[in-house]
Amino acid sequence: MNKSRSIQRKQQRAGWFFLAPATLLIFVMSFWPMIQAFIMSLQTGSAANMKWQEPLFKNYLRVQKDQLFQLSMRNTFMYLLIEVPIMLILAILLAQILNNKDLKFRGAFRTMVFMPCAISLVSYALIFKSLFATQGLINTVLMNLGLISENINWLGTTSTARAVIIIGLIWRWTGYNMVFYLAGLQNIEYSVYEAAKIDGANGWKTFWYITVPLLKPTIVMTAIMSINGTLQLFDESVNLTNGGPANTSMTMSHYIWNQSLGQGVANFGYASALSFIIFIMVGILAFISLKVGDTRD
């Protein structure tokens with residue numbers, strides 16, 4: 001008995017020995033900066049001369065009167081509510097189509113769908129900015145097809161600028177999520193579909209009552225990742241529209257960047273407070289997604 005306990009203690013010490021470096025790095029690189037950021041969110045002043053706020057949570061109370069941040073928050077949630085459902089539905093449908101074992105050139109089609117997310121964020125944003133310019137390809141094609149009589153100022157009008165950001169997000173991230181669904185579909189035994197076919201289930205019933213339930217863990221995971229990514233949306237707002245026109249397409253992360261570095265104000269305390277507000281939003285929405293996707297009794 002003593003010998004087995006001794007071996008067990010040695011195994012535990014060995015386990016902690018191997019975990020210690022990774023744990024230390026995670027704390028130093030992730031948790032310690034988060035702690036510092038929270039402390040900074042309670043302070044004000046320049047980076048070299050920070051002092052405590054009076055009252056202590058003044059930066060958080062300031063959000064209630066910050067109309068520009070509230071506008072950026074509405075923009076971000078609008079992108080979230082429109083882009084995420086469309087993107088995930090398209091990803092599931094594409095995965096279902098490209099999982100067909102009788103489809104020729106499946107590898108080529110999968111690569112083409114996945115390719116957009118391999119392009120750098122800045123590069124694709126600049127390409128979209130060129131395509132949707134007033135004299136860009138999109139307006140030229142629409143004019144030649146007779147669908148419009150004059151060029152549309154896509155990036156200079158609030159509604160169309162937001163639409164361009166949503167289109168860009170769907171184009172870039174649909175293939176990324178499709179890969180997860182494709183991996184999930186390949187883990188479903190083909191005999192399940194054959195049994196459903198024998199029972200007389202059509203394609204829609206097979207998809208809704210077999211594919212979707214079996215993919216539920218993957219759907220929850222991709223939903224959480226997509227929500228997290230959209231709430232932290234930055235590159236499209238900066239590189240596509242620069243938050244314009246008149247900040248009406250700006251995202252929360254873009255606004256935080258302006259507060260800390262983008263406009264030279266270096267308001268790190270307030271920017272840190274806004275970052276923690278986004279962190280709380282992500283946590284709440286992730287918790288809701290997990291609860292919705294939890295099928296346990």
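The figures that follow rest on heavy atoms only: side chains count, while hydrogens, waters and symmetry mates do not.
- Minimum interatomic distance between Ile219 and Val212 (heavy atoms only, all atoms of both residues): CD1-O, 4.0 Å.
- Here the shortest heavy-atom pairing between Asn59 and Met40 reads ND2-O, 4.4 Å.
- The other residues sharing a hydrophobic cluster with Leu126 are Val122, where clustering joins ILVMFWY side chains under 4.5 Å apart.
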N/O donor-acceptor pairs under 3.5 Å from side chains in residues 271-282, not counting sequence neighbours:
residue : atom : partner : partner atom : Å
Ser272  : OG   : Phe268  : O            : 2.8
Ser275  : OG   : Ala271  : O            : 2.9

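- The distance from atom OG1 of Thr44 to atom CH2 of Trp52, rounded to the nearest 0.5 Å, is 12.5 Å.
- Between the side chain of Asn247 and the main chain of Met250, no donor-acceptor pair closer than 3.5 Å is present.
- Around atom CD of Glu54, no more than 12 heavy atoms belonging to other residues, nucleotides or ligands sit under 6.0 Å away.
- Remark: the backbone N or O of Gln259 is not paired with any side-chain donor or acceptor of Asn267 at under 3.5 angstrom.
- Judged by distance alone, with hydrogens and angles left aside, the side-chain atoms of Arg172 form no donor-acceptor pair with the main-chain N or O of Ile167 at under 3.5 Å.
- Scanning for side chain to side chain donor-acceptor pair (under 3.5 Å) contacts around Tyr79 gives an empty result, with sequence neighbours left out.
- By the side chain to side chain donor-acceptor pair (under 3.5 Å) test, Ser159 is found to be paired with no residue, residues two or more places apart in sequence or in another chain being considered.
- Every ring-ring contact (aromatic ring centres under 6.0 Å, His included) that Trp208 has, sequence neighbours left out, goes to Trp204.
- For residues 111-123, the set of pairs meeting the side chain to side chain donor-acceptor pair (under 3.5 Å) definition, not counting sequence neighbours, comprises Ser120-Ser123.
- Contact of the Met78 side chain with the Arg74 side chain is not registered, since no non-hydrogen atoms from C-beta on lie closer than 4.5 Å.
- In this structure, Asn144 contributes its side chain and Thr140 its backbone to a donor-acceptor pair below 3.5 Å.
- Taking the side chain as every heavy atom from C-beta outward, Asn151 and Gln135 approach each other to under 4.5 Å.
- Between Val84 and Thr230 the shortest side-chain heavy-atom distance falls below 4.5 Å.
- Among residues two or more places apart in sequence or in another chain, the ring-ring contact (aromatic ring centres under 6.0 Å, His included) test is passed with Tyr270 by none.
- A 6.0 Å sphere centred on CE of Met115 holds no more than 12 heavy atoms belonging to other residues, nucleotides or ligands.
- Not a single side chain to side chain donor-acceptor pair (under 3.5 Å) links Thr76 to another residue, sequence neighbours left out.
- A ring pair (Phe, Tyr, Trp, His ring centres under 6.0 Å) check over residues 101-122, counting only residues at least two apart or in different chains, returns nothing.
- Summarising the geometry, atom CD1 belonging to Ile86 is positioned 11.0 Å from atom CG belonging to Leu169; distances are rounded to the nearest 0.5 Å.
- Considering all non-hydrogen atoms of both residues, Trp171 and Pro116 come closest at O-CB, 3.4 Å.
- Side-chain polar atoms of Ser72 and Thr251 form no donor-acceptor pair below 3.5 angstrom.
- Taking each heavy atom of Ile148 and Ile152 in turn, the nearest pair found is CG2-CD1, 3.9 Å.
- Formation of a donor-acceptor pair under 3.5 Å by the Thr248 side chain with backbone atoms of Pro245 is found in this model.
- Partners of Arg162 by side chain to side chain donor-acceptor pair (under 3.5 Å), not counting sequence neighbours, listed by chain and number: Asn75.
- Residues that satisfy the ring-ring contact (aromatic ring centres under 6.0 Å, His included) test with Phe234, not counting sequence neighbours, are Trp257.
- Counting heavy atoms of neighbouring residues, nucleotides and ligands inside a 6.0 Å radius, atom CD of Gln186 exceeds 12 of them.
- Using a 30° and 60° split on the angle between ring planes, Trp154 and Phe132 fall in the perpendicular class, above 60°.
- What you find for Ser249 and Thr241 is that their closest heavy atoms are OG-OG1, 2.8 Å.
- In this structure, Ser253 and Leu231 approach most closely via the heavy-atom pair OG-O, 3.9 Å.
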Per-pair distances, 0.1 Å, donor-acceptor, side chain in residues 175-183, under 3.5 Å, sequence neighbours excluded:
residue : atom : partner : partner atom : Å
Asn177  : ND2  : Trp173  : O            : 2.9
Tyr181  : OH   : Thr222  : OG1          : 2.6

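- For the 3.5 Å distance criterion, the side chains of Gln70 and Asp66 fail to qualify, holding no donor opposite an acceptor.
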